[in-house]
Protein chains: 2
Amino acid sequence: MTKKRTERATIANVAKAAGVSTATAGRVLGGYGYSSEEIRNRVQDAAKTLGYRPNRLARGLITGQTQTIGVVAADIGSPYYASAMRGIADVARTAGFGAIITNSDENLQLEREAVELLLEKQVDGIIVSPADPENSAHLQAAIEAGCPVVQLDRIAYPLQADSVTVDNRGAAKDAVARLLRSGHTRIAVVGELETSPFGDLAEFIDTAGRVRLDPQTLYPSWQRLLGYLEAHWEAQVPVLPGLIGRVGKYSAESARSCVRQLMLADAPPSAIFASDGVMATGTVQALRDQEARIPQDVSLVCFDDLEWMQFFGPGITAVAQPVRELGSMAASLLLERIGGDTSPRRHTVLSAQLVERGSISERLGVPTD
Amino acid sequence: MTKKRTERATIANVAKAAGVSTATAGRVLGGYGYSSEEIRNRVQDAAKTLGYRPNRLARGLITGQTQTIGVVAADIGSPYYASAMRGIADVARTAGFGAIITNSDENLQLEREAVELLLEKQVDGIIVSPADPENSAHLQAAIEAGCPVVQLDRIAYPLQADSVTVDNRGAAKDAVARLLRSGHTRIAVVGELETSPFGDLAEFIDTAGRVRLDPQTLYPSWQRLLGYLEAHWEAQVPVLPGLIGRVGKYSAESARSCVRQLMLADAPPSAIFASDGVMATGTVQALRDQEARIPQDVSLVCFDDLEWMQFFGPGITAVAQPVRELGSMAASLLLERIGGDTSPRRHTVLSAQLVERGSISERLGVPTD
DNA sequence: CTGAAAGCGCTTACAG
DNA sequence: CTGAAAGCGCTTACAG
């Protein structure tokens, strides 16, 4: 049952009950002006007995601040964004902010609609993983309308906005360099690598070899490939295009058949660098396929979320991404912007760290026999 | 740069530009009243050139509806709630609603604060996984204040509210019955099983054997244990308390040492029923510990999220929970309540289904990014 | 330190 | 079908 209009615990009613003006009651309850102790007590008592609860909508309408941040994730269903959201939500809560979450599904149109909804809800700022590296006019418009934007995990390069990302190139380079140092010369890479930034794969390799590419203009799996290439070049080990597995889809099943092909070729790799957890899953599945008579003595290195390291058995070398921290840093940065920080744009790059847990045969339960 | 007051694209300014009253402009833009086609065009044109964007705060203040639902998850960082959130967000988006997410961390006090924040933000309804099975007065108060509540995954039994849960007892019973039928008589169970609902474990088993317990009054891991017990009783296979592994903590590491003990006992089990994915991970880790000389020929059945089945190699029997659907059903139900549905309370119980993928040795870890 | 008045941007009766 | 007025619950100048 909703209470009768007059009974509702509004500032006006609390003021009436306490025998003061609404302005005074507002100052006490909102905590924004002067008030004598006696008045303060009277108002607070009245508020308590009436069960007063501030209406943040009304406050937001007047102050222009809703204490809410909007998040546009690519897929909240994935553990990656779940970890990031955890970081975001923790920071938001501490600051007394709420977080509205929406999903773009990597779809530009859905992203536009999500941003529009968030702006209509008057969020104070937006954290987004841009669905499209090039089309970000709607995000730019949000910024110009006074709503700061922080990019998470990925960057739309035309966009003039802060970002918090992981050093995918650097971490991939370290990991692959490590494999090279221990003597591997045939290292495969298994990655999503869907649309090439320039022409085909050969052209990408060629360009990367001539120009110093800015990893920030690339999407994660291409950044990791770039690190793979650079490690080879520095070690002066030839890059073998046949060992570059472009899965083309973000699916373990596709990775599996891709690895199967790689391993059944004439000269299979002695190590595999899996570009992320999904690719690693497919890789392990392929390696374990008994019928295919695939050689099993392969070293595996894979990218994964730091949060999930606890689920690894001993025996895998992983590149741990601090995803939760990615979220909390993005949220902290956004809150600073909302607070009026107008310092120059910031591109925070978190480094991933190598975590060694052993060799592939111990990965997630392959029995060594 | 914020625009000057007078330039801001409000209904009043659009009205002025179109040469109509604010009431008329409001009717056109808000889509809630009559308007002639000519006026409609004039207003819409003016809105477009001014870049009008409705302010949902103002609308909400007046209508008493914010088109926002609040979610209090136990841990959005976990894949479980990530899947559920995905279901919730999809339904919300389709209905034009936003979703504010908060985290209780299984902590009653944080849950109370989260609910308070959501109410101050005037959400139209709340989806919650109650942190405490008994203390739900704050949730009851929300309902009485006119904010419908739907419980997800778990139930606080004193609470008079809808719920959407999984039939943990039934699925566990089916899975264990299957193991019993194939001849296993020494089946271990590995579960969180933190605080017993009645006294100690022996008392729980005793009570469950005498009274027909309502699984809805139990927390998930105890519901699964109940199914385990019932399967034994129906098959007339004695329950061996020594095979019931109470991990006590929701951690793979603890599950690991628990399983280690079980397996190193004089008469180890021939099959293990892992109560969830985390317990299964610890189980696999324990079974793979070479030094401990643990027997490896153990059948493993585990509960997991349907979304993750794609990451399983062939060879594990899993009980797949439709977690995303859990979320979307909770959201749909909540939207009906918000829409004014006053039909009797509903307790929707989704059934989990057995999915066979093979044996333990193929169990994979948790994938990410 | 307190109060009367105006106003945030919208919607809702109520006349016309 | 359209408009003038009031009001949602709060905060913000401005007097006193």
Side-chain angles (χ1 to χ4, degrees), chain A residues 2-44 46-47 50-67 119-122 124 145-146, chain B residues 2-44 46-47 50-67 119-122 124 145-146:
Chain A
T2 339
K3 293 183 183 173
K4 281 211 320 256
R5 272 267 166 279
T6 49
E7 289 181 36
R8 298 191 59 189
T10 66
I11 283 214
N13 287 330
V14 170
K16 206 170 295 170
V20 299
S21 71
T22 68
T24 300
R27 275 188 283 263
V28 174
L29 266 14
Y32 49 80
Y34 304 96
S35 49
S36 66
E37 197 180 328
E38 198 235 314
I39 291 268
R40 218 177 303 144
N41 290 332
R42 263 193 8 234
V43 171
Q44 275 159 354
L50 288 185
Y52 173 75
R53 169 155 41 223
N55 181 332
R56 295 201 183 216
L57 246 49
R59 178 181 302 180
L61 189 55
I62 249 172
T63 61
Q65 300 249 180
T66 52
Q67 308 223 85
L119 291 175
E120 291 184 4
K121 286 190 179 297
Q122 315 293 122
D124 296 332
Chain B
T2 340
K3 293 182 185 174
K4 284 211 318 257
R5 272 267 165 277
T6 49
E7 290 181 37
R8 298 192 58 189
T10 65
I11 283 214
N13 286 332
V14 170
K16 205 170 297 171
V20 298
S21 71
T22 68
T24 301
R27 274 188 284 261
V28 174
L29 266 14
Y32 49 79
Y34 304 95
S35 49
S36 66
E37 197 179 327
E38 196 235 315
I39 291 268
R40 218 177 302 144
N41 289 334
R42 272 208 341 251
V43 172
Q44 274 159 353
L50 289 186
Y52 172 74
R53 169 155 41 223
N55 182 331
R56 293 200 185 219
L57 246 49
R59 181 182 300 180
L61 189 56
I62 250 172
T63 61
Q65 300 251 177
T66 52
Q67 308 221 85
L119 291 175
E120 291 184 3
K121 285 191 178 296
Q122 314 293 121
D124 296 331

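Proteins get letters first, then strands, A, B, ... in listed order; numbering begins at 1 in each.
Rounded to an integer number of Å, the gap from B:Arg56 CZ to C:dC10 P is 12 Å. We find that CD of B:Gln65 is positioned 17 Å from P of D:dC8, with the value rounded to whole Å. When rounded to the nearest whole Å, the span between NZ of B:Lys16 and P of C:dG9 equals 11 Å. The interatomic distance linking B:Glu38 (CD) with D:dC1 (P) rounds to 13 Å, in whole Å. Protein atom CD1 of A:Ile11 is 11 Å distant from nucleotide atom P of D:dT12, rounded to whole Å. Residue B:Leu57 contributes atom CG, which lies 14 Å from atom C1' of D:dT11 at whole-angstrom precision. Atom OH in A:Tyr32 sits roughly 13 Å away from atom P in C:dT2 (whole-Å rounding). One atom, CG of A:Leu50, and another, P of D:dG9, lie 13 Å apart when rounded to the nearest Å.
Contact annotation for B:Arg27: base contact, defined as any heavy-atom pair under 4.0 Å involving a base atom. Within 4.0 Å of B:Ile39, counting heavy atoms only, lie sugar-phosphate atoms of the nucleic acid but no base atom.
Mapped onto DNA chain D by nearest heavy atom, A:Asn55 and B:Tyr34 fall at different nucleotides, with B:Tyr34 at the one closer to the 5' end. Nearest-nucleotide positions on DNA chain C place A:Thr22 closer to the 5' end than the other of A:Thr22 and B:Leu29.
Pair assignment for D:dC14: C:dG3, on the basis of Watson-Crick or G-U wobble contacts that are both within less than 3.5 Å.
Residue B:Ser35 has no polar side-chain atom (N or O) positioned under 4.0 Å from OP1 or OP2 of D:dC1. A:Tyr52 has a side-chain polar atom (N or O) that falls below the 4.0 Å cut-off from OP1 or OP2 of D:dC10. A sub-4.0 Å separation between OP1 or OP2 of C:dG9 and a side-chain N or O of B:Arg8 is present. For A:Ser36, a side-chain nitrogen or oxygen approaches OP1 or OP2 of C:dT2 to under 4.0 Å. Taking only side-chain nitrogens and oxygens, A:Ser21 never comes nearer than 4.0 Å to OP1 or OP2 of C:dA4.
Side-chain contact between B:Thr10 and B:Thr22 is absent, with no heavy atoms from C-beta onward closer than 4.5 Å. In this structure the side chain of B:Tyr52 never reaches within 4.5 angstrom of the side chain of B:Asn13, judged on heavy atoms.
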One pair to check against side chain to side chain contact (heavy atoms under 4.5 Å, CB included): A:Thr66 and A:Lys121. What are the steps and the verdict? CA-CA 9 Å; A:Thr66 52; A:Lys121 286 190 179 297; over 6 Å; no
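Looking at the side chain of A:Ala58, the nearest of the listed nucleotides D:dC10, D:dT12, C:dC10 is D:dC10. Checking D:dG9, C:dA4, C:dC10 against every side-chain atom of A:Leu61, the shortest atom distance belongs to D:dG9.
Looking at B:Arg56 and A:Glu120, a side-chain N of the basic residue comes within less than 4.0 Å of a carboxylate O on the acidic one, giving a salt bridge.
Within 6.0 Å of OH on B:Tyr32 lie more than 12 heavy atoms contributed by other residues, nucleotides or ligands.
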